[in-house]
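Inspection log for the structure reproduced underneath, given as structure tokens.
Each ligand, and each atom within it, is numbered from 1 in the order the structure gives. In this chain, numbering begins with 1 at the start of the sequence shown.
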Amino acid sequence: MFRGVITDIDGTLTDEKRRLSTAAIETIRRLQESGVEVVLSSGNTSCLLKGLCKLIGTGGTFIGENGGVYRIGFTGELQLIADRKIAIDALNLCIEHFQKKGITLELFSYNERFSDVAFARTVPVEEVRSLLADWPVDIMDTNFAIHIHKAGIDKGKTFQVVTESLGIKPEEFLAIGDSENDIGMIKAAGIGCCVANAQERVRIISDYCSSVPYGEGFVEIMNRNFSHILAR
Ligand SMILES: O=C(O)COP(=O)(O)O
Ligand SMILES: [Mg+2]
């Protein structure tokens, strides 16, 4: 029986417009109140995640910026896994490169990030990847944004750090996501799941994929794995 759930947000708890599924929120609340530790794990910023933990009703632990930051519970201090100097240098190269083409990158929450940078998918991610091919950075396409961070930063690695603090083994967690930035945690958990709208490279490494997309897919997988709690 799983003691924890680590879940992605955009595309997993939300719909394609990033609107949170109310059914998913209700499911998370019932799991958390029944003693299952629900951890939010996202490319989003820590300030958004702090609010989501409180308003959804998790235990307060989250991973943000694709693994660049995390917090344990509601009282933990925000922890930084890596600073973002190299990410900013890489971003500046991209800004210059696309400006020459008359394209201005739309940055997401630049001032609220500590470890990565993120911008709108108005440019081909493969062009960003080839531009930065020799840089010590990782580029993540989450279907909602393009992220650049120091090489090696990953939700899966930070998940291992978080589980140690929580005293719950990674194999006692169910992980669920939709995009390439979730692959590390999906592989590291006891069971790795994805929603029906997941990228193909996520589906092929998942133990189980829901039959319906987005937040309803999350609920389907929770009902399947926590029926002893949710079927009541
Ligand atoms: O921040 C993003 O780009 C997507 O966020 P997610 O990791 O919760 O899907
Ligand atoms: Mg996602």
query = Cationic tip of R203 within the cone over Y208's six-membered ring, i.e. under 6.0 Å and within 45° of the normal?
reply =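 Judged by the rule (NZ or CZ under 6.0 Å from the ring centre, within 45° of its axis), R203 is not positioned above Y208.
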query = Does F62 have K50 sitting over its ring (NZ/CZ under 6.0 Å from centre, angle to axis within 45°)?
reply =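 Checked: cation-pi criterion not met.
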message = So, 4.0 Å and heavy atoms of K155: is ligand 1 close enough to count as a contact?
response =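 Yes.
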E33 bridged to R30 by N-O distance under 4.0 Å =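 Salt bridge flag = no for R30 with E33.
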query = Taking the Mg ion (ligand 2) as the vertex, what is the angle from OD2 of D8 to O of D10, given to 10 degrees?
reply = 80°
message = Which residue in the set L131, N92, I103 passes side-chain contact (heavy atoms from CB on, under 4.5 Å) when paired with H97?
response = L131
Donor + acceptor pair across side chains of E106, T122 (<3.5 Å) =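 There is no such pair between these side chains.
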ask   = Looking only at side chains, do N44 and R113 share a donor and an acceptor under 3.5 Å apart?
value =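 On atom types as modelled, these side chains do not qualify, holding no pair under 3.5 Å.
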Proximity to ligand 1 by part of T142, non-hydrogen separation under 4.0 Å =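 The part of T142 near ligand 1 is the side chain, not the backbone.
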message = One residue to check: N181. Relative to ligand 1, which of side chain, backbone, both or neither has a non-hydrogen atom less than 4.0 Å away?
response =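 Within the 4.0 Å criterion, N181 contacts ligand 1 through side-chain atoms alone.
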Quick test: of every protein heavy atom, which one is nearest to [atom], and how far off is it to 0.1 Å?
| atom | value |
| --- | --- |
| atom 6 (P) of ligand 1 | D8 OD1, 2.8 Å |
| atom 2 (C) of ligand 1 | H147 NE2, 3.3 Å |
| atom 5 (O) of ligand 1 | D10 OD2, 3.1 Å |
| atom 8 (O) of ligand 1 | S42 OG, 2.7 Å |

message = Please give the atom name: the N, O or S atom of D178 nearest to the Mg ion (ligand 2).
response = OD1
key: Qualifying side-chain hydrogen bond (donor to acceptor under 3.5 Å, both in side chains) pairs with a residue from residues 135-147, counting only residues at least two apart or across chains   =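 Passing the test, one end in residues 135-147: N66-H147, D116-H147, R121-D141, N143-Q199.
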ask   = At a 4.0 Å threshold, what atoms of ligand 1 neighbour a non-hydrogen atom of I9?
value = 8 (O)
